[in-house]
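Below is one structure, written out as structure tokens; comments come after it.
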Amino acid sequence: MFIVVAEKASVAEAIRDALPYKGLKVTWVRGHVMEMDLPMNLRAWRLETIRDIMGVRRFRYRVRDRESYSRLSSVFSGRDSVLVIATDNDHEGELIGYEILMLYRRIKGKDAEYYRMRFNSTDRREIVGAWSRLEGSLNWRWVGKAMFRHKFDLLTGAAYTRLLTLSISKSGGRMAGKSTGDGSGCSSSNSSSRDGYSAGSSVSDAGTRHDLTISTSHITGTNTGSNCTGSRNRSRKRSRSNDPMLISWGSCQTPTLNFIVEREREIEQFRPVDYWYIDALLMYSGIQFRARSTNIYDEVHASSIYESCRGSSTALVLEYKERAVTIHRPLPSRTDDVLRDLVRITGRSASYLLDVMEDLYSRGYISYPRTDTNRYPRGFDFSRPLRAALDGLGITLNPVHARPRNGMHDDNAHPPIYPVSPYHGSGIEREVWEYIARRFLANAYADDATLVKQHARLVTAEGSVELHAEGLYVRDEGFLAVYRYFMPEEHRIPVLVTNSSVDVEWIDLVKDRTKPPSRLSEAELLEIMERHGIGTDATRAEFPSLLLRRGYATKVRSRFKPTALGTTLIDALNALDGRLVNADTRRMVEMVMRDIEDDRIKEDEALNRSIELYDHLLSLCIKNIGAIADALSNITIAGKQGRR
DNA sequence: GCAAGGTC
């Protein structure tokens, strides 16, 4: 009996439909089954043990999804069961597969046979194809790189967060206290005989060893609380008023906050400058159009120029030019590009929109929504997405071959997002589906658009002041016909002839001043995060919301403004070492992950080397913690009073 | 009570 385990229920269902065979049982988990945590002796938050965190190399692997864990346990206990790992085809899916394998081999023995099934969509043929080419092993380099990231982020995140949080509570900034002890039902009050089982060496393949200790106390214990695995609750959490103040640090959240603080600094330091320009309304063969001079930064000079030309009733055309500009059709849909556009189009937050995509995916309307790929694989079958898009949009198209414009990104795990079946519903789901369908058509079945930019240079009859007029119109609509989201606004000027004369309707002197850059919108923040490799396509959307919950930033007219707490935190850390706040940490993590994947370094050595630097920076923080804590405490106490 | 990564 093959036991096929998918990463989520919706995929399990698709597999069951595609492979309706006897002797095949499909079940599922819900993302990670296990969660990495610090060993028990470091459970308590204490300043004295913070340095020890960085030295941890044996991790506790806790069961986080008890329901999946016990369901799998009982299925694996069947006498002739053989595991087929059907988690997502990416490194995090590989790690989830490893978690499943650990459990399987605890039951079946350390050499028990298993298979890995790889597919990139829940499309029936894709699944049938994957079943026909099962692999005999996990990709251990993928497991290793995912494991490295988990460990690095846990050690650094826990150490810095505890240091910052504990030191401000020491210096009097602590909020109304919640006990940090047990009583939650989540502790290991029931010590099972299997507690402390070490899985490290028993499931290593291909020379890969992972020092893990499985704690089974959650499974066998009498825990009824749901908050042990409550990631759902976490994201709903709004108020911090009853929590002890938490000052968190993380390789993704801190650089994201830093982007917001940096922008605020630019705005604060901005000094506006006054300038003037000549503005004119002109007319040529019955068509009105605007023209203006370049900016003049001196008031006296501007006035004299204006005085010299204000009596003009005509202007002379010095030059008229048209320039064709090609607007390329969009690339295949990657999560990041799609979210950024949809945030602009719908005004909803990226994390919400990703939920909507997840929902459309699980109901079979679009392909897997978390992808970093914007090129189609060789042999990709466009016919079904095409039918889905045309049907769902009510468009007819003469049969033509797909000729997608491909990008350069490939995560080697998922194809771009494409429509799988027509969605005829309404509301935000429809908006999202429609965007994906339209983008699919625009990319693979439409031409680039051609715009024409017009530029005219004129000179006033009196004073000889040079004026410029700009125009824009669409020559070939191309993909814009099906993808109207960011349609350029047409504003034509008449086609002018050199040396001809145009009428001046009025002429004016306008005063203006240079403006500071605006605060970051969510779309801009996401774009910057992506450019710096902060987060993944699946998680990036979460961080802006997290910063709001932590009280590091607020949203003012849908743009991000750092709070005093956020600014103080960044300033204090940045003063010690820029690497504590900028995107370097993440860049390093990404690089090391690539090295592990390409077998240039082993996971344990990668961890030692990377932690070394952040251990050094930690001791720097500890040396200076007095000043950091004072600055933060002043803010948090003031902030607390301010909220009352 | 920590991170970031999955999914719900």
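Residue numbers start from 1 in every chain, and the chains themselves are labelled A, B, ... in the order their sequence lines are given, proteins ahead of strands.
Between the CG atom of A/Leu257 and the P atom of B/dA3 there is a distance of 13 Å, rounded to whole Å. Atom CD1 in A/Ile96 sits about 7 Å away from atom P in B/dT7, given to the nearest Å. Rounding to whole angstrom units, CG of residue A/Leu155 and C1' of B/dG5 are separated by 15 Å. Remark: P of B/dC8 and CD of A/Glu358 are 6 Å apart, rounded to the nearest angstrom. Here the P atom of nucleotide B/dG1 and the CD1 atom of A/Ile50 are 16 Å apart, to the nearest Å. The separation between A/Arg51 atom CZ and B/dC2 atom P is 24 Å, rounded to whole Å. Across the protein-nucleic acid pair, A/Met593 atom CE and B/dA3 atom C1' stand 14 Å apart, rounded to whole Å. What separates CD of A/Glu590 from P of B/dA4 is a distance of 13 Å, to the nearest Å.
Ring stacking is absent between A/Trp249 and B/dA3, as the pair misses the limits of under 5.5 Å between centres and under 30 degrees between planes.
At the heavy-atom level, A/Asp37 lies under 4.0 Å from base atoms of the strands shown. At a threshold of 4.0 angstrom between heavy atoms, the contacts of A/Phe543 are confined to the sugar-phosphate backbone, with no base atom among them. A/Ala159 comes within 4.0 angstrom of no nucleic acid atom, judged by non-hydrogen atoms across all strands.
Judged by distance alone with a 3.5 Å cut-off, no donor-acceptor contact links the side chain of A/Arg30 to the base of B/dC8. No donor-acceptor contact under 3.5 Å links the side chain of A/Glu92 to the base of B/dA4. For A/Asp65 and B/dC8, a side-chain-to-base donor-acceptor distance below 3.5 Å is absent, hydrogens and geometry of angles not being considered.
Taking the side chain of A/Glu7 as heavy atoms from C-beta on, and the options B/dA3, B/dA4, B/dT7, the nearest nucleotide is B/dT7. With B/dG5, B/dC2, B/dG1 as the candidates, the nucleotide lying closest to the side chain of A/Leu166 is B/dG1.
Separation of the A/His532 and A/Phe259 ring centroids falls under the 6.0 Å cut-off.
A salt bridge does not link A/Arg141 with A/Glu94: every distance from a Lys NZ or Arg NE/NH1/NH2 to an Asp or Glu carboxylate oxygen is 4.0 Å or more. One finds a salt bridge joining A/Arg363 and A/Asp359 here, because a Lys/Arg side-chain nitrogen approaches an Asp/Glu carboxylate oxygen to under 4.0 Å.
At the phosphate of B/dG5, neither OP1 nor OP2 sits under 4.0 Å from any side-chain N or O atom of A/Arg370. One finds no side-chain N or O of A/Arg46 lying less than 4.0 angstrom from the OP1 or OP2 phosphate oxygen of B/dG1. At least one side-chain nitrogen or oxygen of A/Arg550 sits closer than 4.0 Å to the OP1 or OP2 atom of B/dA3. The phosphate of B/dG6 (OP1 or OP2) has no side-chain N or O of A/Tyr98 nearer than 4.0 angstrom.
Aromatic ring orientation, A/His32 versus A/His150: perpendicular (interplanar angle above 60°, classes split at 30° and 60°). Classified by interplanar angle (parallel below 30°, tilted 30° to 60°, perpendicular above 60°), the ring pair A/Tyr614/A/Trp249 is tilted.
Between A/Ser421 and A/Gly364, the shortest heavy-atom distance links the atoms OG-O, 2.8 Å.
Side-chain contact annotation: A/Tyr435 with A/Ser333, donor-acceptor N/O pair under 3.5 Å absent.
Judged by the 6.0 Å and 45° rule, A/Arg118 forms a cation-pi pair with A/Trp142.
Of all the residues in residues 526-541 of chain A, A/Gly535, A/Thr536, A/Ala538, A/Thr539 reach under 4.0 Å from DNA chain B with at least one non-hydrogen atom.
Residue whose closest nucleotide on DNA chain B sits further toward the 5' end, between A/Tyr368 and A/His150: A/His150. When each of A/Arg586 and A/Arg162 is assigned the nucleotide of DNA chain B bearing its nearest heavy atom, the one mapping closer to the 5' terminus is A/Arg162.
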